[in-house]
Amino acid sequence: MLKILKYSFFDLMRSRWSYVYFIFYLALGFVLLFLNNDLNKAVITLMNIIIVLTPLIGTIFGVMYYYNSKEFTELLLAQPIKRNTIFMGQYVGIALSLTLSLVLGLGIPFVLYGLFRSTAIFDFSLLLVVGSFLNFIFVALSYNIALSTDNKIKGFGYAILMWLFLAVIYDGIFLISLLLFNDYPLDKFSLIATMLNPIDLSRILILLKLDISALLGYTGAVFRSFFGTSLGMVVSLLLLSLWVILPVFRMNRKLRKKDF
Amino acid sequence: MIEFKNIHKKFGKLVVLDGLNLSIKKGGIFAILGPNGSGKTTLIKSLLGMVIPNKGDILFQDKSVLKKWDYRNQLNYLPQIANFPPNLSVIELIKMVKNLRPKESNEQDLITLFGLEPFLQKKLGTLSGGTKQKVNLVLTFMFDSELIILDEPTTGLDPIALIHLKELIKKEKEKGKTILITTHIMSFVDEMADEIVFLLDGKIYFKGSIDALKKQTNNDNLEHAIANLISKQYA
Amino acid sequence: MKYLVLIFVLFSFEIQASTITVCKSCKIKTIKEAVSLSKDGDSILIKKGIYKEQSIIIINKSIHLIGENNPIIDGEFKETIIKVTANNFSIEGLTLINVGQSYTKDFAAILVSRSKHFVLKNNTLKNVFFGFLIEKSHYGTILNNKVSSHAENEANSGNGIHMWHCSHMKVENNKVSGLRDGIYFEFVKNSTISNNISENNIRYGLHFMFSNNNTYFKNEFKHNGAGVAVMFSKYIIMRENVFHYNWGMASYGLLLKEIYDAQIENNTFEQNTIGINVENCSRIDYTKNKFIRNGWALKFSGGCYKNIFKQNDFLYNAFDLSYNSQLNSNRFENNYWSDYTGYDLNKDGIGDVPYRPVKLFSYIVNRTPEALVLLRSLFVEIINFSEKVAPVFTPDNLIDKKPLMKKVHD
């Protein structure tokens with residue numbers, strides 16, 4: 001698997017889009033820091049971007065890589081290698097190269113700016129951890145979609161729809177149900193609804209670190225008493241891991257029956 | 001050497017292989033022919049494990065290949081469309097495939113044979129179709145395996161490369177290898193093949209030597225003989 | 001001739017005044033003894049050392065207690081250390097520690113009642129229940145003191161500088177921390193509070209009620225449990241104060257409750273859960289204040305009328321404005337809003353498009369507070385944006401028609 005991973009990784013690291021992505025984050029980091037001069041505020045702005053953009057880019061890269069390397073994958077399939085190995089290698093390769101673009105692209109400006117001397121380092125690290133998780137989650141989800149859809153256009157459509165659902169529509173439904181059931185205690189519901197969507201979960205994790213929980217009133221207290229503890233943190237990270245593991249598991253199941 | 005036993009394969013509602021039985025002995029060149037959509041590629045892919053049959057079994061060197069993967073070290077496969085990762089260079093790709101197969105290889109002779117030296121450092125994305133096919137051929141022939149499967153090997157090749165390819169195939173045959181070829185170029189089949197396997201409607205319609213085919217159809221020209229086979233079916 | 005006599009009388013008075021020295025090796029060893037020996041105009045010089053005394057009572061004697069090299073008076077957690085009822089007295093340079101707690105009596109380091117014209121300066125008060133407890137007194141100055149304690153809960157802690165029924169007081173340059181309320185005023189008139197720092201108090205940094213005509217300027221209030229509470233008062237002026245880092249479930253920079261005719265100018269509200277929480281306040285001018293990174297910059301509840309917001313900077317608050325009732329005849333004009341995205345074609349420094357400080361999301365949050373968990377989600381940004389483009393829910397009259405393009409303060 002490591003061999004495939006290595007080749008997918010280097011293949012992607014050399015692609016134009018990885019550079020574009022890397023340079024985008026690099027530029028973003030520099031602009032935020034050197035125009036704002038405020039590390040904490042930069043972290044908030046970054047959060048807004050990361051929770052929307054990393055899932056989208058992960059989704060697009062995932063489906064794009066799958067369909068574009070289809071013939072090459074077939075060449076690999078004729079080699080004495082297990083199927084799972086090939087796809088796991090590709091999957092980890094993509095997710096890793098995206099994560100590297102993210103971590104380096106944002107890391108370099110922040111380190112240059114003096115991150116290590118700042119108290120924002122924990123918030124920033126959390127941001128990167130969450131961003132990396134989102135990469136792994138959304139590449140896995142999009143690979144699932146691509147594996148299940150032979151038609152490239154349809155596959156792209158479904159993948160974007162999946163992103164749209166988790167990034168926007170889910171929250172819309174969430175909000176509407178909050179408004180509809182206004183008269184009932186909603187803190188538990190909000191907590192669960194938040195945990196079920198990886199984008200919401202990531203957002204809340206970062207927001208709570210930035211201490212927005214004070215704004216949340218009673219719900220905030222419930223959230224804080226859950227996420228604020230190390231147990232809550234562990235549960236959240238476990239949930240995010242589950243969002244990686246389940247799609248990967250399904251991918252392997254799907255592969256057993258799949259014709260190429 | 002290879003044995004297909006009662007292979008069924010459906011894609012959705014479309015039946016592609018319908019209880020196909022075929023055995024191929026060791027040694028010689030076998031041309032797998034048939035009209036478009038007759039299941040040639042599906043047949044080959046199920047041997048390679050890329051397509052999983054709904055029913056039936058496939059034996060390679062007397063062992064079932066289903067759900068296995070290491071038997072593939074004993075065969076070389078030339079895929080139909082060579083589309084490689086555009087950001088790798090030729091030499092990197094060759095090294096990578098070598099890396100994936102724990103086996104001796106003689107890529108250097110083949111690179112010289114097809115005149116690929118000037119392209120070794122080039123990115124695969126910048127190569128022409130014919131050059132890609134040459135790279136594809138190098139990747140296929142650089143290993144020494146008992147079985148060689150060629151899916152449309154002549155696509156995009158210039159006459160000189162075509163001559164080299166034919167020589168290569170003959171040489172392998174002399175070594176006692178088994179070679180499966182699918183192609184639509186009948187002159188190529190006429191010149192190279194020892195035996196013809198003709199697929200129609202997911203079944204073996206004809207299997208035998210070229211002479212036997214010509215005799216059966218009363219036709220001296222292979223192209224016409226094949227056309228005859230197909231049209232009989234439609235009639 | 002009359003004046004000459006007066007000067008002579010004053011002069012002779014000075015001559016008569018003497019200094020009594022207190023120290024461990026002196027003839028007079030306790031402060032109590034010195035006080036009982038003193039007469040009007042005397043100074044009591046307390047030398048370095050630890051004096052374990054409490055209930056030092058000064059009644060109707062205009063004397064001056066002066067500490068030399070920080071003598072310490074240890075109240076041993078019993079009762080009030082110094083009680084004064086007198087005019088023209090002063091206490092300075094003392095360190096008073098360990099005042100006892102009580103649920104029924106307000107023990108203080110220094111209790112002043114029914115006094116006039118006094119000065120309390122350069123004292124350090126540590127581990128106190130109440131620090132300065134001043135009642136029914138006038139024309140006093142409290143200057144350069146430090147008051148600190150370790151308050152744990154509201155029930156068994158007292159206030160740093162506590163005034164009740166006073167007037168013409170000056171509270172300047174003090175530092176108060178770790179009390180229940182840092183500075184507490186009830187029924188105090190015509191006084192000024194300036195340049196104080198009040199921090200880490202478990203309830204309010206500054207708390208005042210029924211105290212009209214007071215001026216507060218250049219004070220700093222930070223990390224207080226609830227912030228600063230200002231209630232039931234008229235004609236207040238608050239200038240150049242800093243209210244910051246009051247983060248908590250029920251925290252705010254400043255709580256205004258039933259305040260009328262006040263001026264709030266050039267203050268900074270930074271990183272508070274709520275910058276200013278306004279309840280039933282009318283005729284207040286908010287001018288040139290800075291609201292930086294608060295949860296809510298302004299939160300209104302109850303009837304608030306005729307308030308004017310001019311030239312304030314609203315910078316990066318999660319919400320600029322929220323309200324739960326009618327906001328009638330309040331005016332927003334010439335403020336700078338960091339969220340403003342309009343343009344200024346004629347380059348007069350004023351945006352050509354009005355700004356709506358109430359976003360759709362803050363409207364929703366008001367109805368359903370739990371919706372806040374969706375803060376900063378893409379969906380919320382989208383509905384806010386669409387509301388901005390085509391307002392449906394947000395009121396028409398709540399608008400800054402002339403938003404500034406540049407910050408008021410740099």
Side-chain angles (χ1 to χ4, degrees), chain A residues 1-22 61 64-90 93-94 97 101 147-152 154 252-260, chain B residues 9-12 16-17 41-42 44-54 65-89 92-93 95-103 123-125 132 135-136 139-140 143 145 147-151:
Chain A
M1 185 180 121
L2 271 175
K3 289 172 189 169
I4 308 282
L5 191 162
K6 207 175 92 189
Y7 283 101
S8 297
F9 179 76
F10 282 116
D11 181 35
L12 268 165
M13 278 330 270
R14 266 179 265 180
S15 93
R16 198 163 12 124
W17 291 109
S18 295
Y19 282 118
V20 170
Y21 191 49
F22 168 70
F61 260 67
M64 209 166 71
Y65 190 87
Y66 177 84
Y67 289 117
N68 282 354
S69 59
K70 214 169 175 212
E71 288 87 5
F72 179 66
T73 307
E74 286 181 14
L75 181 118
L76 289 178
L77 283 167
Q79 306 298 330
I81 317 165
K82 260 197 262 180
R83 273 185 176 194
N84 295 353
T85 311
I86 296 170
F87 287 91
M88 282 302 105
Q90 287 183 351
I94 302 167
S97 75
S101 294
L147 271 174
S148 312
T149 322
D150 280 328
N151 185 327
K152 190 173 172 172
K154 265 192 190 169
N252 282 321
R253 272 185 71 94
K254 183 84 199 162
L255 278 174
R256 261 188 249 162
K257 289 273 158 75
K258 168 93 179 155
D259 297 318
F260 289 90
Chain B
K9 182 66 196 175
K10 276 195 280 188
F11 290 116
V16 182
L17 299 179
T41 303
T42 307
I44 287 175
K45 282 188 169 177
S46 43
L47 173 60
L48 288 164
M50 291 163 71
V51 168
I52 293 152
N54 300 118
V65 302
L66 299 178
K67 292 180 182 168
K68 303 266 176 16
W69 53 275
D70 43 358
Y71 72 93
R72 288 199 285 266
N73 204 18
Q74 300 306 316
L75 59 87
N76 299 343
Y77 169 61
L78 179 91
Q80 200 173 48
I81 310 158
N83 213 339
F84 303 118
N87 298 305
L88 288 180
S89 70
E92 277 170 329
L93 179 69
K95 277 188 186 153
M96 170 186 177
V97 175
K98 270 173 69 178
N99 195 358
L100 291 173
R101 286 181 77 158
K103 215 172 178 185
K123 292 267 170 77
L124 286 153
K132 275 189 196 165
V135 174
N136 204 1
L139 292 177
T140 311
F143 296 108
S145 297
L147 176 63
I148 298 168
I149 302 167
L150 306 172
D151 201 352

> Below 4.5 Å, heavy-atom pairs only: which of Asp70(B), Leu100(B), Asn76(B) has the largest tally toward chain A?
Leu100(B)
> Kindly give the heavy-atom pair with the smallest separation between Leu75(A) and Pro79(B), and that separation in Å.
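Nearest pair, atom of Leu75(A) first, then Pro79(B): CD1-CG, 3.8 Å.
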> So which part of Gln74(B) gets closer than 4.5 Å to some heavy atom of chain A, the side chain, the backbone, both or neither?
neither
> Against chain A, label Phe11(B) side chain, backbone, both or neither, depending on which of its atoms sit under 4.5 Å from a heavy atom there.
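Only the side chain of Phe11(B) comes within 4.5 Å of chain A.
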> For Ile81(A) versus Arg72(B), what's the shortest heavy-atom pair and its separation?
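Shortest heavy-atom separation between Ile81(A) and Arg72(B) comes out as O-NH2, 2.7 Å.
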> Show the nearest heavy-atom pair for residues Arg101(B) and Gln79(A), with the distance to one decimal.
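Minimum heavy-atom separation between Arg101(B) and Gln79(A): CD-OE1, 2.9 Å.
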> Ile52(B) and Lys258(A): which non-hydrogen atoms are nearest, and at how many Å?
CD1-O, 3.7 Å
> Let me confirm one number: the NZ-CG distance from Lys10(B) to Asp259(A), rounded to the nearest 0.5 Å.
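Between atom NZ of Lys10(B) and atom CG of Asp259(A) there are 13.0 Å.
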> Does anything in residues 72-82 of chain A pair up under salt bridge (charged side-chain N to carboxylate O under 4.0 Å, His left out), and if so which pairs, sequence neighbours excluded?
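The answer is Glu74(A)-Lys45(B).
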> Give a yes or no on this: more than 12 heavy atoms of other residues, nucleotides or ligands lie within 6.0 Å of atom NZ of Lys154(A).
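Incorrect, the count does not exceed 12.
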> Tell me, side chain or backbone of Lys9(B) under 4.5 Å from chain A's heavy atoms, or both, or neither?
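Side chain only.
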> Name the region of Lys70(A), side chain, backbone, both or neither, that has any atom closer than 4.5 Å to a heavy atom of chain B.
neither
> Which one, Asn73(B), Leu78(B), Leu48(B), Leu139(B), leads in non-hydrogen pairs under 4.5 Å with chain A?
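Greatest number of close heavy-atom pairs with chain A: Asn73(B).
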> Considering only heavy atoms, which portion of Arg16(A) lies under 4.5 Å from any heavy atom of chain B: side chain, backbone, both, or neither?
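For Arg16(A), no heavy atom lies under 4.5 Å from chain B.
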